[in-house]
Amino acid sequence: MTSVETAVEAARVGAKILLSYWETLNKLDADTKARNDWVSNADRESESAIIEFLQNACPGDSCLGEESGTVPGRAGARRLWIIDPLDGTSNYLQHFPFWSISIALRVDSEVVAGVIYEPLRDQWFAAEKGAGAFRNGERIHVSDHQGIEGSFLATGFPFRAQKHVATYCSVFQEVISAAKGVRRAGSAALDLAYTAAGIFDGFFELHLAPWDIAAGALLVREAGGIVTDFSGGERFWDRGNIIGACSGVHGDLLGIVARHTSETELDR
């Protein structure tokens, strides 16, 4: 199997578990990892099953999961699977139907394959480095919107980074003065996938984790978009502050952010 095919099969394994729990679990069945951050048996079992599948399919590879942390492979392993077994846990527990599974493969320091699966709609987003981005087998491309004026955007609120709320709100206020609409749906992986497909013209959020963005960032880039941190660089991998969009919208978002903050001011 190719890396994308392996990720797809692994996501199927996790999805089977998530669907078996869907609308039977709620927030009372979950544990609190941190303020406004939940984990349930669905998250844990999905991740365990995905990691087990990947270890069997790709012996020696390492894994990085949201719930398990790093699961080392053989000594000197260059391949690392980055896994979010349930992106949108709060949505899932509240029975809000917007959640996904995200799996990416990083070789050395470069993400080379990524899959985001939306089980409730049986919708697959997949990308391989240098080969383009696809939704259910059909090639996708970011939108051709020319700027933030009249754009349709996605974002996420920094509910786990309260010290940045005021900064975020200042950026948000300027964004909504120009955009046609801004949606906060609650799954960063799907927001990036929808941006790659041209549904959203762009996405911005801060304080995300690698498993939130690894597959989605590759999708946007392979779909012809631009992905950077809040200062136009590559530090979104380490710091979690990300802008992903078509070229014109990305430039405008970067300019708006620069008027209010920068990567040097947004420490993790």
Side-chain angles (χ1 to χ4, degrees), residues 84 87-88 90-91 94 96-100 102 114-127 132-136 138-159 164-165 167-208 212-230 232 236 240-261:
D84 193 336
D87 187 50
S90 293
N91 287 351
Q94 295 287 159
F96 180 65
F98 193 82
W99 45 271
S100 63
S102 177
V115 165
I116 295 170
Y117 182 42
E118 190 177 2
L120 292 178
R121 299 179 65 194
D122 194 28
Q123 186 162 229
W124 296 91
F125 298 88
F134 299 84
R135 177 174 58 184
N136 290 349
E138 298 292 327
R139 186 176 290 272
I140 56 177
H141 199 277
V142 294
S143 81
D144 59 1
H145 204 80
Q146 296 303 302
I148 195 169
E149 187 68 34
S151 63
F152 188 57
L153 305 175
T155 189
F157 303 144
F159 60 89
H164 298 313
V165 168
T167 297
Y168 172 84
C169 286
S170 66
V171 172
F172 184 78
Q173 183 174 4
E174 187 169 349
V175 167
I176 63 172
S177 71
K180 175 177 68 178
V182 181
R183 300 290 182 264
R184 194 278 181 185
S187 170
L190 275 182
D191 288 338
L192 285 164
Y194 282 19
T195 299
I199 297 169
F200 293 126
D201 299 310
F203 167 73
F204 67 100
E205 190 169 348
L206 55 81
H207 205 69
L208 292 170
D212 295 317
I213 59 178
L218 179 65
L219 274 160
V220 172
R221 285 179 166 175
E222 287 298 313
I226 300 173
V227 181
T228 69
D229 61 26
F230 276 19
F236 62 91
N241 309 315
I242 187 170
I243 301 172
C246 56
S247 177
V249 173
H250 180 274
D252 283 356
L253 282 172
L254 202 59
I256 289 173
V257 168
R259 287 191 280 276
H260 300 278
T261 190

For Phe230, the ring-ring contact (aromatic ring centres under 6.0 Å, His included) test, sequence neighbours excluded, returns none
*Hey, are the side chains of Phe236 and Ile243 touching, using non-hydrogen atoms and a 4.5 Å cut-off?*
no
Sorted by chain and residue number, the salt bridge (charged side-chain N to carboxylate O under 4.0 Å, His left out) partners of Glu118 (sequence neighbours excluded) come out as Arg121
Rounded to the nearest 0.5 Å, the CG atom of Leu253 sits from the CD1 atom of Ile242 at a distance of 12.0 Å
In Ile140, Leu153, Val220, the residue satisfying side-chain contact (heavy atoms from CB on, under 4.5 Å) with Thr195 is Val220
| Are the side chains of Ser151 and His145 in touch, meaning some heavy atoms are under 4.5 Å apart? | yes
Applying side-chain contact (heavy atoms from CB on, under 4.5 Å) to Ala178 and not counting sequence neighbours gives Ile148, Glu149
Residues Ala188 and Phe203: closest non-hydrogen pair is CB-CZ, 4.0 Å
Those residues at least two apart in sequence (or on a different chain) that pass salt bridge (charged side-chain N to carboxylate O under 4.0 Å, His left out) with Arg139 are none
When rounded to the nearest 0.5 Å, the distance separating CG of Asn241 from CD1 of Ile213 is 9.0 Å
Point to revise | Check: Asn136 and Trp124 side chains under 4.5 Å, non-hydrogen atoms | key: yes
Mind checking whether Phe200 and Phe152 have parallel, tilted or perpendicular rings, split at 30° and 60°? tilted
Heavy-atom closest pair (Ala215 atom, Ser102 atom, distance to 0.1 Å) is CB-OG, 3.4 Å
Sequence neighbours excluded, the answer for ring-ring contact (aromatic ring centres under 6.0 Å, His included) partners of Phe134 is none
Heavy-atom nearest pair, Pro158 first then Leu206, reads CB-CD1, 3.4 Å
Sequence neighbours excluded, the answer for side-chain contact (heavy atoms from CB on, under 4.5 Å) partners of Ile199 is Arg135, Tyr194, Ala197
In Val249, Val171, Ile256, the residue satisfying side-chain contact (heavy atoms from CB on, under 4.5 Å) with Phe204 is Val171
| request: Carefully, step by step, assess Phe157 and Val165 under the rule side chain to side chain contact (heavy atoms under 4.5 Å, CB included). | output: CA-CA 8 Å; Phe157 303 144; Val165 168; over 6 Å; no
For Glu205 and Leu208, the nearest pair of non-hydrogen atoms, with its separation, is OE2-CD2, 3.4 Å
Taken in chain and number order and not counting sequence neighbours, the residues that satisfy side-chain hydrogen bond (donor to acceptor under 3.5 Å, both in side chains) with Thr167 are none
Residue pairs meeting salt bridge (charged side-chain N to carboxylate O under 4.0 Å, His left out), one or both in residues 168-196, sequence neighbours left out, come to Glu174-Arg259
Sequence neighbours excluded, the answer for side-chain hydrogen bond (donor to acceptor under 3.5 Å, both in side chains) partners of Ser170 is His260
Residues Val142 and Cys246: closest non-hydrogen pair is CG2-CB, 3.9 Å
The side-chain contact (heavy atoms from CB on, under 4.5 Å) partners of Ala193 (sequence neighbours excluded) come to Ile116, Phe125, Leu219
Taken in chain and number order and not counting sequence neighbours, the residues that satisfy side-chain hydrogen bond (donor to acceptor under 3.5 Å, both in side chains) with Asp87 are Ser187
Residues at least two apart in sequence or cross-chain that pass side-chain contact (heavy atoms from CB on, under 4.5 Å) with Asn91, listed by chain then number, are Phe96, Phe98
Nearest heavy-atom approach of Ser143 to Asp201 is OG-OD1, 2.7 Å
